[in-house]
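Data first, discussion second: the structure below is written as structure tokens.
The first residue in the sequence is number 1, and the count goes up from there. We use all heavy atoms of the structure for the numbers below, so side chains are in, but hydrogens, waters and symmetry mates are not. Just follow the structure's listing: the first ligand is 1, and inside any ligand the first atom is 1.
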Amino acid sequence: MKTYRICLLPGDGIGPEIIAEGVKVLDAVGEKYGVGFTYEEALIGGIAIDETGEALPAATLAAAKASDAVLLAAVGGPKWDTTDPTRPRPEQGLLGIRKELGLYANLRPVTIFNALADASTLKPEVIDGVDLLIVRELTGGLYFGERERFYDEEGAGEDGGNGQRAYDTLEYREYEIRRIARHAFEMARKRHSKVCSIDKANVLETSRLWREIVHDVAKDYPDVELSDLLVDNAAMQLICRPSQFDVVVTENMFGDILSDEASMLSGSLGMLASASLGDGVALYEPSHGSAPDIAGQGIANPLAQILSVEMMLRYSFGMQEAADDVLAAVTAVLDAGFRTGDIKQADTPEDKVVGTELMGSLVAERIQPTEKFAELWGRHPDDWKDYRAN
Ligand code: IPM
Ligand code: MG
């Protein structure tokens, strides 16, 4: 039997709760498709800081490198929030592992599940036909540039301040732009042959380089239509006419911001999965954070984590059929009316509002039914009948 080694990084907040559901779904897939998944858990983020003093311990990096794929949940929380640059932050774990594994391409698909069409804050006619993929550059730009905080005697005393100064550096190299652009064009070929490159070329030098290189790469893809948008305009277009986009490619920080915005097209950040790819081991994680406010309550939405598993099957293991199966199972569970709190609609009956564990089980059991299947759906005998009939 083919066996894959998966490194699990639950992290903080709701992380441990949702990753358990991802594993449940992987196990169901393994059983159905005769593939083995073994798991090794490691520390990252706030919990890693508490236990080892570092957000990305060497043992975690080693475990990730020795695996066939990494499944991460989320990092961070108020406990570790600090503006003191000398103290470790959970986010360093995430940025660190992306850099160390060379995960320069972050894919964030935004698809609308019909059942959730009215869960979005946008009008149904606006989100109709939305199917876009954000390709975010993940290991360059502002998040990895040189930065510093220091005292500047000149400014000291003015307005009673101490003259503190800080800077971050935004830098891109040609090869970083070339490889992410290629990735975007390749993805577009498998989709609807359109790439929209987002920059701020009217102001930033890095953006002007970005635009030139993207256009140069485009020469190798005459079958793909390329357009450019300035990031401020893109932020507006994303909520007024989102269906115009197919593949969107952009630098690290713009991608960070625009992907949170785009997630609202699908109703909740709790639905948005992501894949971070490089030349070696890939990492899969929800696009959302650790939601410390609801951690430990069993109510978090595990679907972004589960959809990250779907992406893992697709991109790391080439298991297209199994990936389609996971997607179909999520769709079916939503079609059957089940909702976690974040995606519940005004007309969702109380008995259809489910917690993290039940949501995960519903998906897993749809993929590979067990005796528990009947028991699960026994809570809702009527839906169970319809569901089975499918
Ligand atoms: C994301 C997150 C991270 C990022 C943070 C937690 C460092 O917001 O994955 O989008 O900015 O990349
Ligand atoms: Mg973000």
Side-chain angles (χ1 to χ4, degrees), residues 9-15 18-19 22 43-49 54-56 60 64 70-83 85 87-110 132-145 147 168-170 172 176 180 198 231 234-235 238 248-266 268-278 282-293 295 300-301 303-305 307-308 311-312 342:
L9 305 177
D12 309 314
I14 59 170
I18 59 171
I19 211 164
L43 297 169
I44 194 165
I47 187 168
I49 293 174
E54 287 173 290
L56 180 62
T60 298
V70 181
L71 187 65
L72 183 142
V75 300
K79 181 177 175 195
W80 305 280
D81 262 345
T82 172
T83 54
R87 292 194 31 211
R89 290 190 59 100
E91 290 78 6
Q92 290 164 346
L94 190 52
L95 296 170
I97 198 165
R98 287 173 180 168
K99 193 72 171 179
E100 292 290 338
L101 296 180
L103 307 173
Y104 63 86
N106 183 218
L107 312 185
R108 296 186 164 182
V110 181
L132 65 94
L133 174 70
I134 297 181
V135 178
R136 168 187 175 193
E137 199 292 323
L138 203 59
T139 52
L142 214 39
Y143 295 10
F144 291 93
R147 72 189 57 141
D168 297 277
T169 325
L170 171 51
Y172 266 104
E176 294 176 301
I180 193 73
I198 293 174
V231 63
L238 261 179
V248 164
V249 64
T250 190
E251 63 97 59
N252 203 344
M253 184 171 71
F254 296 161
D256 185 22
I257 297 170
L258 294 177
S259 59
D260 267 33
E261 187 193 7
S263 75
M264 287 319 291
L265 303 169
S266 69
S268 168
L269 192 48
M271 297 298 300
L272 208 67
S274 90
S276 301
L277 314 175
L283 179 148
Y284 301 85
E285 58 170 320
S287 294
H288 61 69
S290 60
D293 53 323
N301 181 354
L303 292 178
Q305 181 83 74
L307 292 168
S308 307
M311 295 187 88
M312 176 186 287
D342 59 315

Margin query: Looking only at distances, can you tell me whether any N or O atom of Tyr143, backbone or side chain, sits closer than 3.5 Å to an N or O atom of ligand 1?
Written below: no
Notebook entry, point to check: Do we see a donor-acceptor contact under 3.5 Å between the side chains of Asp256 and Tyr143?
Noted result: yes
Margin query: I'd like the name of whichever of Arg108, Glu91, Arg98, Met253 reaches closest to atom 3 (C) of ligand 1 through any heavy atom.
Written below: Arg98
Note to self: Just checking: Asp256, one of its N/O/S atoms, less than 2.8 Å away from the Mg ion (ligand 2), yes or no?
What the structure shows: yes
Next item on the list: Mark yes or no for whether Ser276, through its side chain, and Leu103, through its backbone, hold a donor-acceptor pair below 3.5 Å.
Entry: no
Next item on the list: Look only at the side chain of Asp12 and the backbone of Gly46, and say whether a donor-acceptor pair between them is shorter than 3.5 Å.
Entry: yes
Next item on the list: Ignoring hydrogens, just give me the one of Leu138, Leu95, Asp256 whose non-hydrogen atom is nearest atom 11 (O) of ligand 1.
Entry: Asp256
Next item on the list: Under 4.0 Å, heavy atoms only, figure out whether ligand 1 is touched by the backbone of Arg136, its side chain, both or neither.
Entry: side chain
Notebook entry, point to check: Under the 3.5 angstrom rule, does the side chain of Glu137 hit a backbone N or O of Gly255 as a donor-acceptor pair?
Noted result: no
Margin query: Quick check: do Arg136 and Phe254 have side-chain heavy atoms less than 4.5 Å from each other?
Written below: no
